[in-house]
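Data first, discussion second: the structure below is written as structure tokens.
As the structure lists them, so they are numbered: ligands from 1, and atoms in each ligand from 1.
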Amino acid sequence: MLLKKVYTLVFISKDQQILLGLKKRGFGVNKWNGFGGKLEPNETIVEAASRELKEECCIRVKTTDLKNIGHLEFTFEGDKTMMEVRVFGSKLFEGIPRETEEMLPKWFPCNNIPFDDMWPDDRIWFPYMLKGQLFYGRFHYKDLDTILNYHIEELKSM
Ligand code: 6U4
Ligand code: NA
Ligand code: NA
């Protein structure tokens, strides 16, 4: 039996740029990524996504403006937990990204994503996101740096 934990991951974009944050602590430290985290009790997935974005870089997005654009599943060799990551995108937001204790935000041109300093799976599924295609991917890791096998596909709807 796999134990499933659900996470959010939010990408804000504007003018061919995407907002990433350098994670300053915890899981994925020193990697660039979108903003997100675990759900709190009694929270919907979009509420969690919006809350994490605000906590991590001080940007506000309406839950109704968050589009579910991808679904990722991660497993690790010898670990019974599956991380399920719900990916959201929005072009609508309020505020200016600010550094917090968890993240250092920075805008990146969509054709210059820092894949060498990101999760190894990102270079596999980002192209779908950047083309506006919905996607499902699952990745089985040997350790935090090594993908043993994966599957990725475009979805017609989420
Ligand atoms: P706390 O306990 O508050 O520090 P919390 O913010 O709830 O943690 P966190 O930061 O551990 O959760 O969540 C992990 C984040 O990393 C989520 O947004 C999902 C994302 N993530 C995890 N594995 C990933 C992977 N392989 N590729 C990727 N994002 C991943 O692109
Ligand atoms: Na987080
Ligand atoms: Na968090």
Side-chain angles (χ1 to χ4, degrees), residues 2-13 18-61 63 66-90 93 97-108 110 112-131 133-155 158:
L2 275 178
L3 219 75
K4 198 172 75 178
K5 279 194 193 150
V6 180
Y7 295 79
T8 61
L9 185 59
V10 177
F11 293 92
I12 299 293
S13 54
I18 189 159
L19 185 66
L20 300 177
L22 184 65
K23 196 133 190 292
K24 293 165 66 176
R25 65 179 190 203
F27 195 70
V29 64
N30 293 331
K31 287 180 167 71
W32 292 99
N33 204 349
F35 303 87
K38 302 173 205 68
L39 268 66
E40 285 179 359
N42 303 318
E43 205 177 34
T44 65
I45 188 102
V46 283
E47 285 168 355
S50 174
R51 174 185 53 74
E52 289 279 350
L53 184 69
K54 183 153 171 275
E55 285 176 5
E56 295 186 342
C57 73
C58 306
I59 278 195
R60 291 173 307 281
V61 63
T63 53
L66 285 169
K67 306 277 174 259
N68 189 194
I69 55 173
H71 182 165
L72 299 168
E73 293 175 341
F74 301 103
T75 48
F76 292 87
E77 198 71 0
D79 189 333
K80 289 192 160 45
T81 319
M82 174 195 278
M83 297 183 67
E84 178 175 317
V85 178
R86 299 296 180 132
V87 188
F88 294 90
S90 179
F93 64 93
R98 296 204 190 285
E99 183 174 359
T100 62
E101 288 191 357
E102 190 156 343
M103 288 281 210
L104 172 68
K106 184 173 149 83
W107 292 101
F108 287 87
C110 288
N112 195 19
I113 306 291
F115 288 118
D116 289 345
D117 300 309
M118 296 169 74
W119 283 103
D121 51 276
D122 290 10
R123 68 173 78 237
I124 297 165
W125 58 263
F126 256 62
Y128 289 80
M129 175 167 75
L130 295 173
K131 276 184 279 183
Q133 294 171 340
L134 307 177
F135 57 92
Y136 164 75
R138 61 172 175 268
F139 300 84
H140 185 61
Y141 274 80
K142 176 159 146 356
D143 53 52
L144 294 178
D145 302 316
T146 322
I147 298 172
L148 278 180
N149 54 68
Y150 72 91
H151 167 85
I152 178 113
E153 65 184 87
E154 184 187 354
L155 296 179
M158 287 298 302

Between ligand 1 and Glu55, can you find any atom pair, the residue atom being a heavy atom, that is separated by under 4.0 Å?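 Heavy atoms of Glu55 never come under 4.0 Å of ligand 1.
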Using a strict threshold of under 4.0 Å (side-chain N to carboxylate O), is an ion pair present between Glu55 and Arg51?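 Counted as a salt bridge, because a side-chain N and a carboxylate O are separated by less than 4.0 Å.
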Minimum distance, heavy atoms only, to [atom]: which one of [options] is it?
atom	options	answer
atom 17 (C) of ligand 1	Asp121, Leu9, Thr8, Val85	Thr8
atom 12 (O) of ligand 1	Gly37, Gly21, Ala48, Gly26	Gly37
atom 11 (O) of ligand 1	Phe11, Trp32, Phe27	Phe27
atom 6 (O) of ligand 1	Arg25, Lys38, Glu102	Glu102

What do we get for Phe139 next to ligand 1 when only non-hydrogen atoms under 4.0 Å count, side chain, backbone, both or neither?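 No part of Phe139 is near ligand 1 at this cut-off.
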Got more than 12 heavy atoms from elsewhere within 6.0 Å of NZ, Lys23?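 It does: Lys23 NZ has more than 12 such atoms within range.
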With only distance considered, is [X] within less than 3.5 Å of ligand 1 through an N or O on each side?
X	result
Trp125	no
Tyr141	no
Lys23	yes

Could you tell me whether a side-chain N or O of Lys31 sits under 3.5 Å from a main-chain N or O of Pro120, the two making a donor and an acceptor?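 Not confirmed, Lys31 side chain does not pair with Pro120 backbone.
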Heavy-atom side-chain contact between Tyr128 and Leu134 under 4.5 Å: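 No, side chains not in contact.
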I want to check something: taking the side chain as every heavy atom from C-beta on, are Leu19 and Ile59 in contact at a cut-off of under 4.5 Å?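 Side chain of Leu19 against side chain of Ile59, heavy atoms only: contact under 4.5 Å found.
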What atoms in ligand 1 come closer than 4.0 Å to a heavy atom of [X]?
X	result
Glu52	6 (O), 7 (O)
Glu56	6 (O)
Asp122	27 (N), 28 (C), 31 (O)
Met83	22 (C), 23 (N)

Tell me every residue that passes side chain to side chain contact (heavy atoms under 4.5 Å, CB included) with Arg86, counting only those two or more places apart in sequence or in another chain.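 Per chain and number, Arg86 pairs via side chain to side chain contact (heavy atoms under 4.5 Å, CB included) with Val6, Ile45, Asn68, His71, Glu84, Phe88.
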Test of understanding: with side chain to side chain contact (heavy atoms under 4.5 Å, CB included), list the residues that count as partners of Leu144, not counting sequence neighbours.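 Partners of Leu144 by the side chain to side chain contact (heavy atoms under 4.5 Å, CB included) criterion, ordered by chain and then number, come out as Phe27, Phe76, Trp119.
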Determine, step by step, whether Glu73 and Lys4 satisfy the salt bridge (charged side-chain N to carboxylate O under 4.0 Å, His left out) criterion, reporting the C-alpha distance in whole Å, the side-chain angles of both residues, the deciding distance to 0.1 Å, and the verdict. CA-CA 9 Å; Glu73 293 175 341; Lys4 198 172 75 178; over 6 Å; no
Can you tell me the N, O or S atom of Glu56 that's nearest the Na ion (ligand 2)?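 Restricting Glu56 to its N, O and S atoms, the minimum distance to the Na ion (ligand 2) goes to OE2.
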Nearest to the Na ion (ligand 2), which N, O or S atom of Glu102 do we find?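 Going through the N, O and S atoms of Glu102 one by one, OE2 ends up nearest to the Na ion (ligand 2).
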Specify whether Tyr150 and Phe139 have parallel, tilted or perpendicular ring planes, treating 30° as the upper limit for parallel and 60° as the lower limit for perpendicular.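 Because their plane-to-plane angle is under 30°, the rings of Tyr150 and Phe139 count as parallel.
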The Na ion (ligand 2) to Gly36: any N/O/S contact under 3.0 Å?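 Here the distance criterion (N, O or S atom, under 3.0 Å) is met by Gly36, so yes.
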When the ring centroid of Phe108 is compared with that of Phe115, is the distance short of 6.0 Å?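 No, too far apart.
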